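All chains are named by letter (A, B, ...) in the order of the sequence lines, taking the proteins before the strands, and each is independently numbered beginning at 1. Note that the structure is a prediction, hence the values are computed from the model and not measured.
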Amino acid sequence: MSVFAEKLIAWQQVHGRHDLPWQQTRDPYAVWVSEIMLQQTQVSAVIGYYGRFMARFPTIASLAEAPQDDVMQHWSGLGYYSRARNLHHAAQTIMREHGGIFPQDFAQIQSLKGIGRSTAAAVSVFAFQQPQTILDGNVKRVLARLHAVDGWPGLPLIEKRLWVLAESLLPEKNLPAYIQGLMDFGATLCTRSKPRCQDCPMQGECQAFQQQRVAQLPASKPRKAIPERQTTMLMIMDAGEILLEKRPDKGIWGGLWSFPECKPDQIPVQQAEQRYGMQAESLEDLPVLWHTFTHFKLEITPQPLQLIGKRPGLPQHLQWLPLNDAIAAALPTPVRTLLKTLQQSRY
DNA sequence: AACACGGGGTG
DNA sequence: CACCCAGTGTT
């Protein structure tokens, strides 16, 4: 038996949970109901629902013949209602195809609606003491740390490795205690954030701990590259002042002052003339600036312009700002950066 | 406001 | 197999 399994069983006997309502039985139906309720739902939330559900639907037959509304009422407040619909549906399948007896064959268990490999394994172990392993999110985290498995566990290749690893660690004795320990250990000690490594009996086995990579494992889901957008900002100058535009309240930098943006495919000098009635000429380019938001990256091309001739009258959302004005402190970061760059250039 | 999650569904 | 979804809690 693996050292991990030995230690986990010992840990479970001291720190694990032994007194939960569904742990007092080997009735596959009771185990099944509890496992479905426990999917993505904490033990504390499940306890009351489990008691009321089992009191109202004590057998597979009673569940199968109950009206769906009745089943849903007993699920009301637990969330993920497709679980209840699948449970009801599978109860009817068991009545129809298995003579009302919960199947012991692993493939048959797994083919029931709402039961995947992990839930099928839990029922197999707790009800029938068959050698199967679970692999839910908690267990993935525990095993990824134990063997320092790199890569996001949602990747098929990584998940396959974790299943193989989980199988290889299974003990021959005390299987239910081991599986329960796997669940409880991941839920209470080897947690995603702030795992209690100082209290952990697996320090000697845990490769992530020894490599000081506990906080980095399991690897998080690679987020897709955020989209990139491009804008050109007009920096129109005249007599030591620069033109600013108040942005619409909606959207990025809502209500803040910024440089007027050049419409895509517009030529800056032409836009200055057509939209603002300004005669202007281009000045020397400034370097392109990147700014990262939560959901996109913005490439900002600054276009310094010099006003020629007299200033036109301006609507309220446009105004001239002295280059050294204190208002600059309240501008969006990239705008302030551009102003600073401008001041350091020869203009 | 993004991430995490077990199972289902689709191509 | 690859990919995405629904629905709820957590960070």
Side-chain angles (χ1 to χ4, degrees), chain A residues 22 31-50 71-72 75-94 103 106-126 132-145 149 151-164 166-167 179-180 182-196 214-227 250-254 291-298:
Chain A
W22 47 87
V31 172
W32 171 38
V33 170
S34 74
E35 287 301 326
I36 299 299
M37 286 189 172
L38 287 164
Q39 286 172 1
Q40 288 132 312
T41 311
Q42 292 180 352
V43 168
S44 57
V46 165
I47 289 178
Y49 284 88
Y50 175 81
V71 178
M72 299 315 286
W75 207 271
S76 175
L78 255 192
Y80 298 106
Y81 296 94
S82 63
R83 294 184 298 176
R85 287 191 294 274
N86 290 338
L87 197 64
H88 194 206
H89 180 275
Q92 293 165 347
T93 303
I94 294 171
F106 189 75
Q108 288 182 351
I109 297 173
Q110 210 187 324
S111 71
L112 293 169
K113 202 144 197 191
I115 302 186
R117 179 169 174 186
S118 201
T119 302
V123 177
S124 291
V125 169
F126 294 131
Q132 296 287 347
T133 188
I134 58 168
L135 189 69
D136 63 13
N138 284 339
V139 178
K140 283 178 181 173
R141 180 175 57 251
V142 170
L143 299 187
R145 285 173 176 166
V149 176
W152 176 53
L155 276 178
L157 175 66
I158 306 300
E159 186 170 8
K160 191 168 290 181
R161 284 182 192 160
L162 291 171
W163 275 113
V164 171
E167 286 173 333
I179 295 293
Q180 188 64 48
L182 215 42
M183 297 171 158
D184 293 353
F185 183 77
T188 65
L189 194 154
C190 194
T191 48
R192 183 150 65 92
S193 60
K194 300 183 188 172
R196 293 165 35 220
V214 173
Q216 281 71 50
L217 293 173
S220 50
K221 177 188 174 118
R223 25 184 143 168
K224 47 184 107 171
I226 56 180
K250 291 269 189 176
I252 68 165
W253 303 330
H291 191 256
T292 305
F293 295 87
T294 26
H295 43 303
F296 65 94
K297 266 172 74 175
L298 186 62

Are A:T119 and A:I36 packed together at the side-chain level, in the sense that at least one heavy-atom pair is separated by less than 4.5 angstrom?
yes

Hey, are the side chains of A:L78 and A:Y50 touching, using non-hydrogen atoms and a 4.5 Å cut-off?
-> no

Just the rounded figure in Å: distance from [atom2] of [N] to [atom1] of [X].
X      : N     : atom1 : atom2 : result
A:L182 : B:dG6 : CG    : P     : 12 Å
A:R117 : C:dC1 : CZ    : P     : 11 Å
A:L112 : B:dG6 : CG    : C1'   : 16 Å
A:H89  : B:dG7 : NE2   : P     : 17 Å
A:L157 : C:dC3 : CG    : P     : 13 Å
A:N138 : B:dC5 : CG    : C1'   : 10 Å
A:Y80  : C:dG9 : OH    : P     : 7 Å
A:R83  : C:dC5 : CZ    : C1'   : 16 Å

Whichever of A:S193 and A:L155 has the more 5' nearest nucleotide on DNA chain C, that residue is A:L155

Assign each of A:G77 and A:K160 the nucleotide of DNA chain C bearing its closest heavy atom; nearer the 5' end lies the nucleotide of A:K160

Practice task
Please say whether the positively charged group of A:R85, taken as NZ for Lys or CZ for Arg, lies over the ring of A:W75, i.e. under 6.0 angstrom from the six-membered ring centre and within 45 degrees of the axis.
Solution key: no

Heavy atoms of A:I109 and A:S124 approach each other most closely as CD1-OG, 3.6 Å

Item to check | Between A:T41 and A:R83: side-chain donor-acceptor atoms closer than 3.5 Å | outcome: yes

Practice task
Indicate yes or no: does A:E167 engage A:R161 in a salt bridge with an N to O separation below 4.0 Å.
Solution key: no

Per atom distances to the A:P156 side chain, the nearest of C:dA2, C:dT8, B:dA4 is C:dA2

Picking from C:dC1, C:dT8, B:dG7, the nucleotide nearest the side-chain atoms of A:Y81 would be C:dT8

Assert: residue with more 5' nearest nucleotide on DNA chain B, out of A:K113 and A:R192, is A:R192

Taking for A:Q110 and for A:R141 the nucleotide of DNA chain B with the nearest heavy atom, the one nearer the 5' end belongs to A:R141

Under a 4.0 Å heavy-atom cutoff, the residues of residues 38-46 of chain A touching DNA chain C are A:Q40, A:Q42

If you compare every side-chain N and O of A:T119 against the phosphate oxygens of B:dG7 (OP1, OP2), does one of them come in below 4.0 Å?
yes

Q) Under 6.0 Å from the NE2 atom of A:H291, do we count more than 12 heavy atoms belonging to anything else shown? A) yes

